[in-house]
S.K.: 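So that we are looking at the same thing, I have put the structure below in structure tokens.
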Amino acid sequence: MSPPCYDEYTSGDPARENNVGADRALADFTAIAAETAARHGVPFIDQHTPMLEATRRGQGRDASFTLFHPDRLHPARAGHYLLASKILEAQGESGPLAEWNAKGTAFTLTPLSLPMWLDPVFGNAPELEQTWHDRNRATLRVSGLADGRYRLCINGREVMAGSAGEFAVGVDLAALPGNPWLLPSKRAAALNRKAAVVADRKLRRPLVGRQLLLRARREGASLPPDEFEAVRRLLAEQPENSTQAGHYRRFLEGASAEALTQGEAEVRALQEESRRIHQPVKLQCELERLP
């Protein structure tokens with residue numbers, strides 16, 4: 001798999017450069033990796049090209065558009081979705097999510113999985129939103145209905161109204177905002193985002209601070225037994241807003257074994273709750289003919 005691209009322009013204006021030319025190295029790396037994969041007969045996923053194309057299209061519409069964090073290299077949420085989509089496509093999992101053919105006015109559907117929640121960050125990236133719809137499409141076709149308009153209720157909740165002809169052609173259940181099927185997906189997405197925030201604040205940042213501290217002090221693999229007291233003294237000697245003070249502060253805030261253990265437990269609990277929610281749900285469907 002190749003790396004993503006580097007977003008060279010902060011404004012979409014080539015006159016305002018931000019390490020212009022830096023992406024050339026990643027493009028060269030991608031070409032070398034693709035050639036190596038072909039030579040050895042192994043699968044290869046090009047993440048560089050789709051990320052670069054999506055970035056250019058987005059910045060053509062909106063100069064502030066980006067798929068990346070402020071460092072212009074590490075993907076943000078929308079960027080990670082695009083990366084994941086390309087991996088799924090390479091595995092033959094490009095959608096649709098489900099297709100059902102039903103008959104009559106009352107029936108039960110049993111999806112094998114939840115649709116992915118449509119993240120609001122896709123709002124300024126139509127390509128990503130279309131990718132979401134293609135992958136999450138869950139088409140319901142209903143035959144045997146007399147002419148007229150019908151109200152569709154799922155698990156007792158109205159989700160749409162349409163003609164017999166529309167239901168015969170097919171409606172996309174995953175695209176209906178009021179569908180109860182989407183609610184667990186929304187809760188699971190919120191739990192996953194919270195787990196990522198906790199992991200960043202209570203695990204990644206303290207550990208990065210610790211490593212930077214060790215490097216700055218030119219120590220070995222560990223600090224002395226009184227490391228926390230030593231770091232507190234060092235912090236008191238630094239200007240409050242200095243980079244080094246930031247390293248020391250992050251270390252003190254969460255790099256103890258107890259704090260890291262607690263952080264790991266919080267992340268696991270959130271992930272377990274998300275997995276619990278990701279269970280098949282039965283959809284009781286009823287079509288009521290409208291006057």
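Worth knowing before you read on, the calculation uses all heavy atoms, side chains too, and leaves out hydrogens, waters and symmetry mates.
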S.K.: Output, in order, the C-alpha distance, side-chain angles, deciding distance and verdict of side-chain contact (heavy atoms from CB on, under 4.5 Å) for L109 and I154.
M.R.: CA-CA 10 Å; L109 308 177; I154 298 180; over 6 Å; no
S.K.: Between the main-chain N or O of D147 and the side-chain N or O of R289, is there a donor-acceptor pair closer than 3.5 Å?
M.R.: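 Yes, the answer is positive, given that a donor and an acceptor are paired below the 3.5 Å cut-off.
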S.K.: Is E35 paired with R39 through a side-chain N to carboxylate O contact shorter than 4.0 Å?
M.R.: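 Result for this pair is yes, salt bridge flagged.
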S.K.: Please say whether more than 12 non-hydrogen atoms of neighbouring residues, nucleotides or ligands are located less than 6.0 Å from CE in M1.
M.R.: no
S.K.: Let me confirm one number: the OG1-CD distance from T261 to E266, rounded to the nearest 0.5 Å.
M.R.: 11.5 Å
S.K.: Between C5 and T55, is any pair of side-chain heavy atoms under 4.5 Å apart?
M.R.: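 The answer is yes, as the side chains (C-beta and beyond) meet within the 4.5 Å cut-off.
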S.K.: Side chains of S274 and N192: do they bring a donor and an acceptor to under 3.5 Å?
M.R.: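 S274 vs N192: donor-acceptor pair found between side chains.
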S.K.: Hey, mind stepping through W132 and S85 against side-chain contact (heavy atoms from CB on, under 4.5 Å) and telling me if it holds?
M.R.: CA-CA 9 Å; W132 179 92; S85 295; over 6 Å; no
S.K.: So, taking the atom named CG in L52 and the one named OG1 in T30, what distance separates them when rounded to the nearest 0.5 Å?
M.R.: 9.5 Å
S.K.: Got a second to check how far L83's CG is from Q47's CD, nearest 0.5 Å?
M.R.: 4.5 Å
S.K.: Walk me through whether N155 and V281 qualify under side-chain contact (heavy atoms from CB on, under 4.5 Å).
M.R.: CA-CA 10 Å; N155 293 351; V281 292; 6.0 Å; no
S.K.: Considering only heavy atoms from C-beta outward, does the side chain of P75 approach that of Y81 to under 4.5 Å?
M.R.: no
S.K.: Carefully, step by step, assess L145 and T105 under the rule side-chain contact (heavy atoms from CB on, under 4.5 Å).
M.R.: CA-CA 7 Å; L145 297 178; T105 58; 3.9 Å; yes
S.K.: Taking the side chain as everything from C-beta on, heavy atoms only, tell me whether D7 gets closer than 4.5 Å to L67.
M.R.: no
S.K.: Looking at E272 and R275, does any basic side-chain N land under 4.0 Å from a carboxylate oxygen?
M.R.: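 Answer for the salt bridge query: yes.
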S.K.: Check whether any side-chain heavy atom of L152 sits under 4.5 Å from a side-chain heavy atom of L173, and report yes or no.
M.R.: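 SC-SC contact between L152 and L173 confirmed.
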S.K.: E53 and R56: salt bridge (charged side-chain N to carboxylate O under 4.0 Å, His left out), yes or no, with the steps?
M.R.: CA-CA 5 Å; E53 291 175 348; R56 287 175 173 170; over 6 Å; no
S.K.: Tell me whether E93 is salt-bridged to R135, with the criterion being a basic N under 4.0 Å from an acidic carboxylate O.
M.R.: no
